[in-house]
Amino acid sequence: MMSQNNFSSLFQELLPKPALKMNFNKWNIFWSICFVFTAVIIIIGNCLSISVLLKRRLRKRPHYLLAELAIADLLVGIFAVPILMITSVSNERVLSRFISDCVDMFTGFWSVFTLAVISIERLYAVARPLHHRQLSFKSYIIAMAIPWVFSVIVTSTRVLLYFRIMTNHHFVAVMIISLSTPLLMSFISYGIIGNLQASRPQSDHRARSNTKLAYVLLLITGMFVVTWLPFQILVIVLNVCIPCRRIPFAVIYVIKLLQFSNSFINFIIYCLRMPTYRNIVHETI
């Protein structure tokens with residue numbers, strides 16, 4: 001005969017188990033879906049951007065800088081997001097957080113330095129239009145190389161921090177200066193462009209075109225600040241305030257998703273604000 005206790009335990013096993021509560025402070029299927037979806041959108045959007053910007057109708061020298069910005073964003077989807085996922089899934093057993101930080105810094109600062117170069121190029125186009133038209137292709141090659149070089153220099157500070165050659169406070173100072181300086185240059189450049197355009201008649205087609213492109217680029221720079229500022233604040237907090245390192249992982253993952261979203265926002269802005277770009281995208285897809 002089955003005892004009452006055995007019957008009760010058997011009955012309890014047959015009852016439907018309550019759904020397990022998902023812990024968002026640990027890597028789970030939810031975060032995997034979010035980051036994979038983000039990476040796919042980044043790759044598709046920036047591949048389209050590069051192909052469109054290099055089409056004959058948009059193949060202008062200033063657009064080469066926009067194509068470089070798209071390449072930097074494309075690397076985020078190809079390398080930065082997957083590496084972060086691998087380090088999180090494997091709990092840093094396969095790839096260390098150090099490698100993830102270096103890739104993240106390189107692609108991010110490549111974008112911000114490219115935005116600064118683009119703003120200076122646009123300022124030169126508006127302030128000195130005749131001289132700007134005489135710029136050689138070599139000048140644009142140099143302009144495209146500058147963000148890459150500066151991003152390598154800034155990323156090297158993470159290597160110095162890893163080998164304890166640089167302190168956390170010095171590293172944070174470099175991060176703040178490296179991010180704020182190019183963004184400040186960009187906003188100052190677009191502010192000067194706005195003043196110059198307001199004092200000039202907009203009857204010339206080239207002048208109107210420069211004004212529209214400047215507004216688009218200002219919007220892109222503003223979105224970069226919105227999506228990157230929380231992450232930079234997080235980096236400063238984690239490196240300066242030791243007790244603050246107990247920030248829930250759910251908060252960190254949301255901030256990283258917001259940061260990575262900047263890499264596909266440019267594609268959306270181009271489609272909304274540049275009719276020729278939008279038409280070519282429609283033809284491509």
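Within 6.0 Å of the CZ atom in F187, the count of heavy atoms belonging to other residues, nucleotides or ligands exceeds 12. The 12-atom threshold is not exceeded at CZ of F79, counting heavy atoms of other residues, nucleotides or ligands nearer than 6.0 Å. Counted within 6.0 Å of CZ on F37, heavy atoms from surrounding residues, nucleotides or ligands total 12 or fewer; the atom is thus considered open.
Note that OG of S263 and CZ of F224 are 8.5 Å apart. Values are rounded to the nearest 0.5 Å. Residue L218 holds its CG atom at 10.0 Å from CD1 of I269, rounded to the nearest 0.5 Å. Note that the CG atom of L54 and the NZ atom of K60 stand 14.0 Å from one another [nearest 0.5 Å]. Annotation: the span from M85 atom CE to S90 atom OG amounts to 11.0 Å, rounded to 0.5 Å. Put simply, OH on Y277 and CD1 on I280 are 9.0 Å apart, with the number rounded to the nearest 0.5 Å. Rounding to the nearest 0.5 angstrom, the gap separating the OG1 atom in T181 from the CG atom in L179 is 9.0 Å.
Between S178 and V154, the shortest heavy-atom distance links the atoms OG-CG2, 3.5 Å. Nearest heavy-atom pair across P230 and I255 is C-CG2, 3.8 Å. The nearest pair of heavy atoms linking R158 to C102 is CG-SG, 3.9 Å. The two residues N28 and N23 come nearest to each other via the heavy atoms ND2-O, 2.8 Å. Looking at every heavy atom in both residues, N168 comes nearest to N239 through CB-O, 3.4 Å.
Between the S119 side chain and the A116 main chain, a donor and an acceptor come within less than 3.5 Å of each other. Between the side chain of T107 and the backbone N or O of D104 there is at least one donor-acceptor pair closer than 3.5 Å.
Because its NZ or CZ atom is not both nearer than 6.0 Å to the ring centre of F249 and within 45° of the ring axis, K26 does not count as a cation-pi partner of that residue.
Below 30°, between 30° and 60°, or above 60°: for Y64 and F137 the angle between ring planes is above 60°, a perpendicular geometry.
I42 is not listed as a side-chain neighbour of L74, based on a closest heavy-atom distance of 4.5 Å or more.
Side-chain rings of F109 and F150 stay apart, their centers remaining 6.0 Å or farther from each other. Residues W27 and F35 bring their aromatic ring centres within 6.0 Å.
Checking N266 against D73 by side-chain atom types alone, a donor-acceptor pair falls below 3.5 Å. Residues E68 and W148 bring no donor and acceptor atom of their side chains to less than 3.5 Å of each other. S136 and S139 are linked by a side-chain donor-acceptor pair at a separation below 3.5 angstrom, with hydrogens and angles left out of the test.
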Check against side-chain contact (heavy atoms from CB on, under 4.5 Å), Y162 and D101: CA-CA 11 Å; Y162 180 78; D101 289 346; over 6 Å; no
